[in-house]
Amino acid sequence: MFTIQKKYEKKTKIALNQTCYCMRLGKLRQEQFPRDERFEMSKIALGNESLVGSLTPSNKKSYKLTNRIQEGKIPLYSVVFNSIDARFFNCFVSAGGNGINLYNCLEDGGISSLHSYTDEDKEESFYTVSWACGVEGNPFVAAGGVKGIIRVLNVNDKIIHKTLVGHGDSVNEIKTHHMKPQLVLSTSKDESVRLWNVETGICILIFAGTAGHRYEVVSVDFHPHDEHRFVSCGMDTTIKIWSMKEFWTYVDKSFTWKDDPSKFPTKFVQFPVFTTSVHTNYVDCNRWFGDFILSKSVENEILLWEPQLIDNSPGEGTSDVLLRYPIPNCNLWFIKFSCDLSLNYLSIGNQKGKIYVWDLKSCPPVLVTVLSHSLSKSVIRQTAMSTNGNTIIAASEDGTIWRWDAVTK
Amino acid sequence: MASGASPSSSATRSDPHKHSTTSQAEKRAPASKEVSAVIDSLKKKLAADRCISIKRRIDENKKNVRGITQSTMRSCMERGGGSYKDGSDLLVKRQRDSPGMKSGVNASDADKSNNHSSFLEDGNASSTTMVQGSSVPVKISLRPIKMPDVKRLSPYTTWVFLDRNQRMTEDQSVVGRRRIYYDQTGGEALICSDSEEEAIDEEDEKRAFLEPEDFIIRMTLDQLGLSDSVLEELANFLSRSSSEIKDLTTEDMNTEHLIQARYEVLMKEKEVSESGDNQAESSLLNKDMDGALDSFDNLFCRRCLVFDCRLHGCSQDLIFPAEKPAPWTPPVDENLTCGANCYKTLLKSNRIPANGTTEDKTGTSSDGAGTKTTSKFSGKLNRKKTKTFPSESASSNEKCTPETSDSENGVQQDTNPEKVSSSSKVKASGRRGGRKRNNNRVAERVSRRTQKRQKKSEASDTDSIATGSRSASDAKHKDNEDATSSSQKHVKSGSSKNSRKNDTPVDDSKNSVKGDDPFSQSNAVASEPCSDGSLRKEEFVGENVCPGGLSEDKSWRPLEKSLFQKGVEIFGMNSCMIARNLLCGLKSCWEVFQYMTCSENKASFFGGDALNPDGSSKFDINGNMTNNQVRRRSRFLRRRGKVRRLKYTWKSAAYHSIRKRSTDKKDQPCRQFNPCNCKTACGKECTCLLNGTCCEKYCGCPKSCKNRFRGCHCAKSQCRSRQCPCFAADRECDPDVCRNCWVIGGDGTLGVPSQRGDNYECRNMKLLLKQQQRFVLDAYRKGDKLKFANHSPEPNCYAKVIMVAGDHRVGIFAKERILAGEELFYDYRYEPDRAPAWARKPEASGSKKDENVTPSVGRPKKVA
């Protein structure tokens, strides 16, 4: 292989991509559609308009800053609440640099530190982290980053449970199956999505190939009730829905596999059941909302759209964009939103350090509130909403963690 | 799609034409303001509908979501409650024990209070409350747990082995080429597109556009009537050309309004038009060959001789060489037969009993005698196979009634495949009579015909009978193929009807009904629309001239016919070859032969004989064909356009560089070759000449063209120095052009392999390889195994661009003797400042390096 090996720090990578992209697409876009016009319906096919939320906050719910922690100077890329195990609903985990930290949110607004893990390799930079669960109900944390190695930590016993090696490049996101929390999906720069069994450390399926992604896969999300389905999106601007139905036997097999994990008959899934490009730029976060999909590109807005699959003709179908949630100053890539467990609210940070909270139940979209602080100036890469939606944790690139709590009126 | 809008639109669908008629009567031209107001209101209505539909769907989804989230919540709770055991739940314990960190909640309230004003921002949420917290956040002081270092894999992109990733193993085979899928239902070749998204997108747009637009158009016209100003306004609104809208609307109207009229027109057309078009409907075999040739033309690469070549893309311009090769004729061996049904064997078997009745005679004769011989001929045949011969021959001199029975006998027995008689037309009509379609007309026709026939048969007595018997025998043959009792019944009913209506003379038409029916069933669509007039003509022609051929003409499906035509082009008049190579399984050699002689007859007949008043032009196959071709052509031009578009999306990147290069005048050796289609020797307007390339063997120009590359005259394996013109021009020797160097007979040990032993051809490979500092190949997605060969400042191979059959390819050649198992390196030709550290030479000192790095191409690199 003779690809030029440049070691990108995530930051430089983002900067690079961003500038490139601005030159290539972003600027062009803005020239074509001046800002105001973009939110009008003129450019969208007649009768296919979507409803756009207004940016005046309703203040239906308000949050106050209750805590701020400096974890270090290293940018934080990921922060996630546990939404798998009711015991740990107050726990969240953050990842950035070569460290993974577990925290507990206290009732009084405090944050207690539970565990801290550090990779010995200073070059590691974790981009993503996710909670998972062993078959015995042990809480696991799976984290991946620039090295493409996924660490599965048994945070109950403070040991490394498994180290999953296989991705050819950095891991961009890890998500856990809702019903079988032993299964995690990881997306990578190597253009593949992989399904792992964290209990046994087996790579069950690889989603890549003929009709797979053509550039870094950035985000993925399991379907909330169809256990075979998930959605992935990436820098090739496409969003793909995949089905594992035909391969589910391998998933079952992975639980009983006694042999060496590397001998497992890993299968390639090359054809998604649905492909669309609702965005025209990198798509860096997507999430199911019932049967609809929330997805975010670097175009300062989140879209809620409905994938309309055509039966018996996989790969085809249409997408209908229903709602648009504008987010100002949010055109960097790798900014991710999060929702509470009952999908009432959505929160997302932007590159100015503000957090936008949207009400997902209302139509047309209603902005709940904007959280801002004079000291919060750097990019907020990811927010985490607690299961009940009353706490928002924001991980900032300057290494700080912000806790916002809902004000009970 | 605005589901709210669509029902209403469908409801109003029936209205417009009514309205348009009234409005046109009024000739009212509404002002543009009015129009735009209407359009606006409609637009609003659409938007409102859309809004409602969105809301409805969101609500539905909300319910859905609630159920889902509740169930996940429940499962979370279960998980939490299930394993709460003492001691083992360390994390829970830790949760309880860990000290809380609060930035400022305890400490900062007092001393940091002066910070508050600056600390707090105008954020609406936090502005109301006094937020605790300090500008100095709490630091974590927790001993981290170490994770031991794990070595990372070297970066790679997930690579799934696909056939099409493989390039080198079977360079000329189909493996690795883009797949063509044959759509079972449509019977059409489809290309598996590389970029699924694009295709889908287009479809999306189309669909999304049409419905609401339709709605608006319809509604507006409904309210304002059809007039130019309205159309204009609409066009403005929809930013489309007004003619399009007109089309759209008129189409709408037409479908509603003119359906019946059109239907009638269509019916008429059907009657008038010749068979081809109508026959194309049902089965694959009824499609005619132009359709098939269309995909062939588009997908077959004439340079690589494979379908769907990846290099040149599909849908190249068709270049027809000026010198057409003569039809290929294999050495004719009289005794060699192609199979059981070979015409030679059958002829022989005929000839002996027929006492020298040659097929030529049958063919050319256009008078009574001729037909007589044919009849004899068939009679002899029949005798050979069936026992009915005596009775038949006996009856052959009479006219009517006795003959029916015996020919029916013939039908029941297994006879030779024979020419279907002219009366196949009669039978067709007879069948129709049976079906009670155009009953009266048929009756009329039949009666008329029979009258004529009577006269005729009086004149030349044996004629009709002979044909009758022959058709019968043919019918038998067909029956074997798909003997269905129903068809026979059907036939009988038809014939009986016929015989009832027109008494005796119809007998032979009855026979012919039998003959025709099986295949007329198989392609009922085909035979049905045949016009009465043509049928009649056919009949006469058949009766008078060449009875067998014409009916044969009918039984041959259009595809078979056109295959036959092509076969004649390729093989000449060699029915064995045609039957074996083109009509395998469809027609036997004997049938082909008959058809061939027959069509020949016709040609000669129509050429020389003007006796028949109306028969000639209609029944010439060629006439038929040309008629079709004109129509077809336009259709596939359209389609070709589409394919071409596909091609460019597919690999526009690769073409781009080439195009760029070809515009660059200085870069002579790397011009992209495109075959010219000069019909005579290339003049100044030859595209090759203008483009600065040589004419290649793919060009249309004759071989004597001066612009052609002549090839070399080197001795075998001497093409290694610049003395060889091929070598000098960076061309691979071509056995079609060069004299000696390539074509080697005898021992294969020293042949092509030895010359190519060190030459791995890497077609269409994109390497990071600077060739003459002009362009860069990037092998990110494409390329063969050799793309993995590494760079070395001291390589043992070198890359060279050579012209291979009109294409530039990168060949990797050995620079020195390479032992088996040695790693291959070549020079990527990094620019000195861009080269990664590992690619630099150890003793990286400027001038020396340049000399060392670039010996292979022989042109010193420009020092950057």
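Note: hydrogens, waters and symmetry copies are ignored here, and every other heavy atom, side chains too, is used. It should be emphasised that the depicted structure is a prediction, and the values quoted were computed from it without experimental measurement. Below, chains carry the letters A, B, ... as their sequence lines are ordered, and counting in each starts from 1.
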query = By a 4.5 Å heavy-atom criterion (distance strictly below it), what part of A:Ser188 contacts chain B: side chain, backbone, both, or neither?
reply = neither
query = Side-chain donor-acceptor pair under 3.5 Å between B:Asn61 and A:Asp291, yes or no?
reply = no
task = Pick one of side chain, backbone, both or neither for A:Leu341, based on which atoms fall under 4.5 Å of a heavy atom in chain B.
result = both
task = Measure the NZ-CG distance between B:Lys62 and A:Leu360 for me, rounded to the nearest 0.5 Å.
result = 10.0 Å
ask   = CD1/B:Ile68 to CH2/A:Trp288 distance, rounded to the nearest 0.5 angstrom?
value = 10.0 Å
Top contributor to chain A contacts, counting heavy-atom pairs under 4.5 Å, from B:Leu153, B:Ile145, B:Ile54, B:Thr69 = B:Ile145
request  = Applying salt bridge (Lys or Arg N to Asp or Glu O under 4.0 Å), name anything that partners A:Asp340, two or more places apart in sequence or on another chain.
outcome  = none
inquiry  = Can you tell me which portion of A:Ile159 sits under 4.5 Å from chain B's heavy atoms? Options are side chain, backbone, both or neither.
reply    = neither
key: Closest heavy-atom pair and its distance - B:Arg152, A:Lys147   = CB-O, 3.7 Å
remark   = Turns out that what part of A:Cys133 lies under 4.5 Å from chain B's heavy atoms comes down to side chain
query = If you look at every heavy atom in A:Asp320 and B:Arg57, which pair is closest and at what distance?
reply = OD2-NH2, 3.0 Å
message = So for A:Phe89, is it side chain, backbone, both, or neither that comes closer than 4.5 Å to the heavy atoms of chain B?
response = side chain
task = Please look at A:Ile401 and chain B and tell me whether the side chain, the backbone, both or neither of the residue comes under 4.5 angstrom of a heavy atom of that chain.
result = neither
request  = Side chain from CB out, backbone as N, CA, C, O: work out which of these in A:Glu306 comes under 4.5 Å of a heavy atom of chain B, or both, or neither.
outcome  = side chain
key: Salt-bridge criterion met for A:Asp121 and B:Lys151 (N-O under 4.0 Å)   = no
ask   = For A:Arg403, is it the side chain, the backbone, both or neither that has a heavy atom under 4.5 Å from a heavy atom of chain B?
value = neither
key: A:His167 NE2 to B:Tyr156 OH distance, which is reported to the nearest 0.5 Å   = 8.0 Å
message = Under the criterion side chain to side chain contact (heavy atoms under 4.5 Å, CB included), I'd like the reasoning laid out for B:Val65 against A:Phe292: C-alpha separation, chi angles, the key distance, then a yes or no.
response = CA-CA 10 Å; B:Val65 166; A:Phe292 296 171; over 6 Å; no
query = Taking all non-hydrogen atoms of both residues, which atom of B:Lys55 and which atom of A:Pro364 are closest, and how far apart?
reply = CE-CD, 3.8 Å
inquiry  = With a 4.5 angstrom heavy-atom cut-off, is it the side chain or the backbone of A:Thr163 that approaches chain B, or both, or neither?
reply    = side chain
remark   = Note: vs chain A, highest number of non-hydrogen pairs under 4.5 angstrom among B:Thr72, B:Asn64, B:Asp59 is B:Asn64
ask   = Does any heavy atom of chain B fall under 4.5 Å from the side chain of A:Ile160, the backbone, both, or neither of them?
value = side chain
ask   = Mind checking what makes side-chain contact (heavy atoms from CB on, under 4.5 Å) contact with B:Gln70, not counting sequence neighbours?
value = B:Arg66, B:Arg74
Contact class of B:Ser71 relative to chain A, heavy atoms under 4.5 angstrom = neither
ask   = In Å and rounded to the nearest 0.5 Å, what is the CE to CG distance from B:Met147 to A:Asp119?
value = 5.0 Å
query = Atom CG in A:Asp85, atom SG in B:Cys76: separation rounded to 0.5 Å?
reply = 7.5 Å
